[in-house]
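Have a look at the structure below, then the notes.
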Amino acid sequence: MTFAATVLTLYPEMFPGPLGVSLAGRALREGTWALDAVQIRDFAIDRHKTVDDTPAGGGAGMVLRVDVLAKAIDHARTSAPAAPVIALTPRGKPLTQARVRELAQGPGVILLCGRFEGFDERIFAGRDVEEVSVGDIVLSGGECAALMLLDACIRLLPGVMGAASSGHEESFENGLLEYPHYTRPAEWEGRTIPEVLRSGDHAKIAAWRKSQSEIDTRLRRPDLWERHTGVRVQSASGAQREVQDD
Ligand code: SAH
C-alpha cells in the first residue's frame, strides 16, 4: 500500500526537495509513497488571495487565517479521509520515533505547514488537528519540519531501507541512543578502533555495544535514560528518586 503524504504549504516548490533523492527519491518514483504538495493560497476566500491577517490583540507578524486553513484541510481530507492531519508547530507535542513508527504503519499523513507567526489557534480543535514539534527550536516555516517528519516515516516503509534489520537497532528504537560505529582505517591520526570490535567475538561485541549504548544515553541524554530505567540520574545532592509515570 502506498503511504500518501499531502502537504499544505505556501511553498509547494519546496517538495519533494531533499526527499527526491537517495532512498526516499527512489521509493517515490517506485510508488512506495506518494506526495501531493498543495498551495494553501488556492483556498483563499478573497480576490487578493489573502492567507493571513494581523494578530488579534496586536503585536508583530501575521497569523494564518482559520477559514482558509479549514478549506485547505477539508480539500485534503476528501482524497485522504483516513490520514491524520498534523500541524507543524513549536507549541506541539515533541515528535518521537514511536509516533513516527505509528504514522509509517498508517495510510499516510496530511501535514499543515505554518509561516509567519503561525496558525489561528481555532483550527486545531475545529478540524481535529494534531500539533507536532520537531524540537525546541524555532524555524521560519513548517516545511523543513514536514520534510523531517516525512523522511523519518519513509525510511521505515517496507522495502525502502536495504537491510531489514537496520531500522530496529537505531537510536530511540529501544529507548536508548545507538552505540558508536567505526570502520577502516583501523588507525587514523593515532586514533584506533576499540579492540573488542576487531576481536571477532560476537558475544563480546554485542555486550560492548549494549554497554556503550547505555553509557552514552546516561551521559548524553539523562532524560531518555530516566524514562528507560525509571530511575533519575543522580542529582547534585546524590539523591535518586523513582520517576513518576506521566
Ligand atoms: N510564533 C510561533 C513560531 C512561528 S514559526 C511560536 O513562537 O510558537 C513559523 C512556522 O514555522 C510555524 O507556524 C511552524 O509551522 C514552523 N515551525 C517553527 N518551529 C517549529 C518546530 N520546532 N517544529 C515544527 N514546526 C515549526
Side-chain angles (χ1 to χ4, degrees), residues 3-19 24 33 35-45 49-77 80 83-104 106 108-156 171-172 177 220-221 223-224 227:
F3 178 88
T6 308
V7 184
L8 306 176
T9 168
L10 289 170
Y11 297 96
E13 64 273 24
M14 285 179 74
F15 295 87
L19 299 180
W33 69 289
L35 173 69
D36 189 14
V38 177
Q39 173 57 267
I40 293 174
R41 202 172 293 282
D42 291 347
F43 300 91
I45 285 141
K49 297 274 170 205
T50 311
V51 293
D52 55 353
D53 208 334
T54 53
M62 298 294 273
V63 177
L64 289 168
R65 287 175 58 120
V66 67
D67 47 2
V68 177
L69 295 173
K71 273 184 71 185
I73 291 171
D74 293 346
H75 165 85
R77 274 201 171 123
V85 180
I86 296 178
L88 286 314
T89 161
R91 285 167 42 87
K93 195 169 168 187
L95 185 61
T96 61
Q97 188 63 16
R99 183 68 184 122
V100 164
R101 196 166 274 286
E102 271 172 20
L103 290 172
V109 281
I110 297 170
L111 299 177
L112 183 59
C113 301
R115 280 274 158 177
F116 324 122
E117 285 308 314
F119 311 99
D120 182 313
E121 188 69 16
R122 293 171 291 180
I123 195 62
F124 305 121
R127 283 297 182 274
D128 189 20
V129 176
E130 179 181 340
E131 295 172 73
V132 167
S133 165
V134 297
D136 293 344
I137 54 169
V138 181
L139 303 167
S140 55
E143 289 77 10
C144 286
L147 288 167
M148 211 169 119
L149 184 152
L150 288 176
D151 183 304
C153 290
I154 292 160
R155 63 187 286 284
L156 296 180
S171 292
F172 312 118
L177 302 179
R220 295 171 178 215
R221 292 292 304 275
D223 57 321
L224 289 183
R227 221 177 301 153

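The basis for the numbers below is simple: all heavy atoms, side chains too, and nothing from hydrogens, waters or symmetry mates. All ligand and atom numbering here is 1-based and tracks the order in the structure. Index from 1, following the sequence.
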Which atom names give the shortest non-hydrogen contact between K71 and I45, and what distance separates them? CD-CG1, 4.2 Å

With backbone taken as N, CA, C and O and side chain as the heavy atoms from C-beta onward, which portion of A87 lies under 4.0 Å from ligand 1: side chain, backbone, both, or neither? neither

Considering all protein heavy atoms, does one lie under 4.0 Å from atom 8 (O) of ligand 1? yes

What do you reckon, does G61 put a non-hydrogen atom under 4.0 Å from ligand 1? no

Closer than 3.5 angstrom, by distance alone: can the side chain of T50 be matched with the main-chain N or O of D52 as a donor-acceptor pair? no

How far is atom 23 (N) of ligand 1 from its nearest protein heavy atom, and which residue and atom name does that atom have? V134 N, 3.1 Å

For L88, the ligand 1 atoms whose distance to one of its heavy atoms is below 4.0 Å: 14 (C), 15 (O), 24 (C), 25 (N)

Closest to atom 3 (C) of ligand 1 among G118, G114, C113, P90 (heavy-atom distance): P90

I want to check something: taking the side chain as every heavy atom from C-beta on, are V38 and P12 in contact at a cut-off of under 4.5 Å? no

Counting each atom of ligand 1 from 1 as listed, which ones have a heavy atom of G142 under 4.0 Å away? 11 (O), 15 (O), 16 (C)

Ignoring hydrogens, what is the shortest heavy-atom contact between L150 and V7? Give both atom names and the distance. CD1-CG2, 4.1 Å

Could you tell me which atoms of ligand 1, counted from 1 in the order shown, lie closer than 4.0 angstrom to a heavy atom of A145? 24 (C), 25 (N)

Considering heavy atoms of the protein only, find what lies nearest to atom 5 (S) of ligand 1 and give residue, atom and distance to 0.1 Å. L139 O, 3.2 Å

What protein heavy atom is closest to atom 24 (C) of ligand 1, reported as residue, atom name and distance in Å? T89 N, 3.4 Å

Kindly give the heavy-atom pair with the smallest separation between R115 and M14, and that separation in Å. NH2-SD, 3.9 Å

At a 4.0 Å threshold, what atoms of ligand 1 neighbour a non-hydrogen atom of E117? 1 (N), 2 (C), 4 (C)

Heavy-atom nearest pair, I73 first then L112, reads CD1-CD2, 3.9 Å

What atoms of ligand 1 come closer than 4.0 angstrom to any heavy atom of V138? 5 (S), 19 (N)

Of all heavy-atom pairs between G61 and E117, which one has the smallest distance, and what is that distance? CA-CG, 3.8 Å

Ligand 1 atoms nearer than 4.0 angstrom to some heavy atom of F116 are 4 (C), 5 (S), 9 (C)

Can you see whether E131 engages T89 through a side-chain donor-acceptor pair at a distance of less than 3.5 angstrom? no

Grab the two heavy atoms, one from D120 and one from V63, that are nearest each other, plus how far apart they are. N-CG1, 3.5 Å

